[in-house]
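Below is one structure, written out as structure tokens, with a few remarks after it.
Computed over heavy atoms, backbone and side chain alike; hydrogens, waters and symmetry mates excluded. Each ligand, and each atom within it, is numbered from 1 in the order the structure gives. Start at 1 with the first residue, then count along the sequence.
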Amino acid sequence: MKLLVTGGAGFIGSAVVRRAMADGHSVVNLDALTYAACLENVASVADHPDYAFEQADIRDRAALDRIFSQHRPDAVMHLAAESHVDRSIDGPATFIETNVLGTFHLLEAARSYWNGQGRPQDFRFHHISTDEVFGSLGEEGMFTEETPYDPRSPYSASKASSDHMVRAWQETYGLPILLTNCSNNYGPFHFPEKLVPVVILNALANKPIAVYGKGENVRDWLYVEDHADALLLVLEKGKVGRSYNIGGENEARNIDLVQMICAILDRLRPGTRPYASLIEFVADRPGHDLRYAIDPARIRDELGWRPSVTLEEGLERTVRWYLDNEAWWRALLDREGVGRRLGTA
Ligand code: NAD
């Protein structure tokens, strides 16, 4: 297939681009190159004849129309978004503009192109979303595809809004859509403002490792390359109009995750004292959801997908990747907001 991947210079989008190319698809990578983007993430495929890059903003309808008519994709995988909850607390406007309005413009551009092609039923608009749209769980229970939406941060509210529009475009216009809601990703090429890389890099720099609140918030951790595999499987085999929850089957409290990373570093790059001694508890994030957990029964039973790595294995691979790729992350430390506490409201 020829895939139009939006946000393909970001963390998950670049994993999708690399995996799709390895699977033999052609890829048009559409990305505005915001602070979160890094073209090195796709350097391994950049010279391939089946790869093209378009620097464009999903809020720019004219650019989207030109890209659709020039490249004539068989499917869209929509990952472009503002993605950092802490930044959404400080500045929600760009989240609404990109995640809500940008998705609207992309849907409209896709619909216009699809109509012009004679409404092919094998066209797909695959929207990649988050489990954060479902809100916060207590100690028990899991999110299923039927869990009511209950977003609680500007980020998750903007993603929930985009999910509703994507479903509405299928119901109203017949656009063949797919939707996935996944849990917290981690892995290589993760931008150094998110928890896992921040812990690794602060530890290596011998700086305090800040843990919000008491570190009791629970997340279900999904290795990014497993996620990319799942997304391509849903694209190829998922039932039109259906949504699929994608989880890592790896629930962990933040404090336990941080301790695991410190223990891996103690083994791979021992310091003068255990890295866990750098942990500091700091004021919690406003509106910090207590627990997310994904029930992955649908994607497992219908499509036969399960994550391939445990949290221990995935974290070890990730830590090794950061140790081996210092030039990649060092270049990003100067970007606006990186290394500072954001989102204290
Ligand atoms: P990211 O922030 O690493 O990358 C986002 C990419 O989108 C960047 O390359 C950026 O330049 C691009 N982009 C931003 N605004 C744009 C615009 N207006 N026009 C065009 N491109 C634009 O994000 P990520 O972590 O890779 O997340 C990708 C998608 O997956 C997002 O939709 C996010 O909501 C979703 N998601 C992420 C996670 C996670 O744990 N990271 C979990 C669930 C869902």
(message) Contact between ligand 1 and Ala9 is defined here as a heavy atom of the residue under 4.0 Å from a ligand atom; is it met?
(response) yes
(message) Return the closest protein heavy atom for atom 8 (C) of ligand 1 as residue, atom name and distance.
(response) Asp31 OD2, 3.6 Å
(message) When you measure from the side chain of Asp31 to the backbone of Leu33, do you find a donor-acceptor pair of N or O atoms at a distance under 3.5 Å?
(response) yes
(request) Would you mind finding which of Ala81, Ala80, Ala32 brings a heavy atom closest to atom 14 (C) of ligand 1? (result) Ala81
(request) Could you tell me whether Arg167 and Glu171 have a side-chain N and a carboxylate O separated by less than 4.0 Å? (result) no
(message) Looking at Glu132 and Arg219, is there a salt bridge between them, counting it only when a charged N and a carboxylate O are closer than 4.0 Å?
(response) no
(request) Mind running ring pair (Phe, Tyr, Trp, His ring centres under 6.0 Å) on Phe134 and Tyr149 for me, showing each step along the way? (result) CA-CA 5 Å; Phe134 299 122; Tyr149 276 33; 5.4 Å; yes
(message) Just to confirm my output: which protein heavy-atom neighbour is closest to atom 1 (P) of ligand 1, and how far is it?
(response) Ser83 OG, 3.5 Å
(message) Taking 4.0 Å as the limit for heavy-atom contacts, which would you say applies to Asn181 with ligand 1: side chain only, backbone only, both, or neither?
(response) neither
(request) Check Ser14 against ligand 1 and report side chain, backbone, both or neither, counting heavy atoms closer than 4.0 Å. (result) neither
(message) Starting from atom 44 (C) of ligand 1, what is the nearest protein heavy atom, named by residue and atom, and what distance separates them?
(response) Ser129 O, 3.3 Å
(message) Give the atom numbers and elements of ligand 1 that come within less than 4.0 Å of a heavy atom of Leu33.
(response) 11 (O)
(message) Students should be able to answer this: which protein heavy-atom is nearest to atom 43 (C) of ligand 1, and at what distance?
(response) Cys182 SG, 3.0 Å
(message) Just to confirm my output: which protein heavy-atom neighbour is closest to atom 3 (O) of ligand 1, and how far is it?
(response) Phe11 N, 3.0 Å
(request) Give the atoms of ligand 1, by number and element, whose distance to some non-hydrogen atom of Asn184 is under 4.0 Å. (result) 40 (O)
(request) Cation-pi check, Arg285 to Tyr212: give yes when NZ or CZ is under 6.0 Å from the six-membered ring centre and within 45° of the ring axis, no otherwise. (result) no
(request) Check Arg59 against ligand 1 and report side chain, backbone, both or neither, counting heavy atoms closer than 4.0 Å. (result) side chain
(request) Would you check whether Glu82 has a nitrogen or oxygen atom less than 3.5 angstrom from a nitrogen or oxygen atom of ligand 1? (result) no
(request) Measure the distance from atom 42 (C) of ligand 1 to every protein heavy atom, then report the residue, atom name and distance (to 0.1 Å) of the closest one. (result) Ser183 O, 3.4 Å
(message) I need the atoms of ligand 1 closer than 4.0 Å to a non-hydrogen atom of Gly10, numbered in the order shown.
(response) 3 (O), 4 (O), 8 (C), 9 (O)
(message) If I apply the N/O under 3.5 Å rule, does Ile12 come out as touching ligand 1?
(response) yes
(message) Closer than 4.0 Å to some heavy atom of Gly7 - which atoms of ligand 1 meet that?
(response) 6 (C), 7 (O)
(request) Enumerate the atoms of ligand 1 whose separation from the nearest heavy atom of Tyr155 is less than 4.0 angstrom. (result) 33 (C), 34 (O), 36 (N)
(request) Give a yes or no answer on whether the side chain of Tyr275 reaches the backbone of Gln259 with a donor-acceptor pair at less than 3.5 Å. (result) no
(request) May I ask you to say whether Glu193 pairs ionically with Arg87, meaning some side-chain N is under 4.0 Å from a carboxylate O? (result) yes
(request) Without swapping roles, check the side chain of Tyr113 against the backbone of Arg72 for a donor-acceptor pair under 3.5 Å. (result) yes
(request) Would you check whether Cys38 reaches within less than 4.0 Å of ligand 1, judged by its heavy atoms? (result) no
(request) Provide the number and element of each atom of ligand 1 under 4.0 Å from a heavy atom of Ala37. (result) 9 (O), 11 (O)
(request) Measure from the side-chain N and O atoms of Asn181 to the backbone N and O of Asn245, and report whether any donor-acceptor pair falls under 3.5 Å. (result) no
(request) Establish, yes or no, whether a centroid distance under 6.0 Å links the rings of Trp321 and Phe189. (result) yes
(request) Using distance alone, decide if ligand 1 has a nitrogen or oxygen within less than 3.5 Å of any nitrogen or oxygen in Lys159. (result) yes
(message) Quick check against the 3.5 Å criterion: does Asp226 have a side-chain atom that pairs as donor or acceptor with the backbone of Ser308?
(response) yes
(message) Within the 3.5 Å criterion, strictly below it, is a donor on Asp163 or His127 matched to an acceptor on the partner's side chain?
(response) yes
(message) How far is atom 28 (C) of ligand 1 from the closest protein heavy atom, and which atom is that?
(response) Leu79 O, 3.4 Å
(message) What protein heavy atom lies closest to atom 40 (O) of ligand 1? Include the residue and the distance to one decimal.
(response) Asn185 N, 2.8 Å
(message) Can you name the atoms of ligand 1, numbered from 1 with element, that are less than 4.0 Å from a heavy atom of Ile128?
(response) 30 (O), 32 (O)
(request) Using a strict 4.0 Å threshold on nitrogen-to-oxygen distance, state whether Lys237 and Glu302 make a salt bridge. (result) no
(message) Can a donor-acceptor pair be found, under 3.5 Å and without considering hydrogens, that links the side chain of Ser26 to the backbone of Lys2?
(response) no
(request) Using distance alone, decide if ligand 1 has a nitrogen or oxygen within less than 3.5 Å of any nitrogen or oxygen in His190. (result) no
(message) Taking a cutoff of less than 4.0 Å between a non-hydrogen atom of the residue and any ligand atom, is Thr6 in contact with ligand 1?
(response) no
(message) Between Tyr35 and Phe191, does the side-chain contact (heavy atoms from CB on, under 4.5 Å) criterion hold? Intermediate values first, please.
(response) CA-CA 10 Å; Tyr35 82 93; Phe191 192 77; 3.7 Å; yes
(message) Please determine whether any non-hydrogen atom of Tyr186 lies less than 4.0 Å from an atom of ligand 1.
(response) no
(request) May I ask you to list the atoms of ligand 1 that are less than 4.0 angstrom from any heavy atom of Ala36? (result) 2 (O)
(message) Is it the case that the side chain of Ser158 and the backbone of Tyr155 share a donor-acceptor pair, with hydrogens and angles ignored and the cut-off at 3.5 Å?
(response) yes
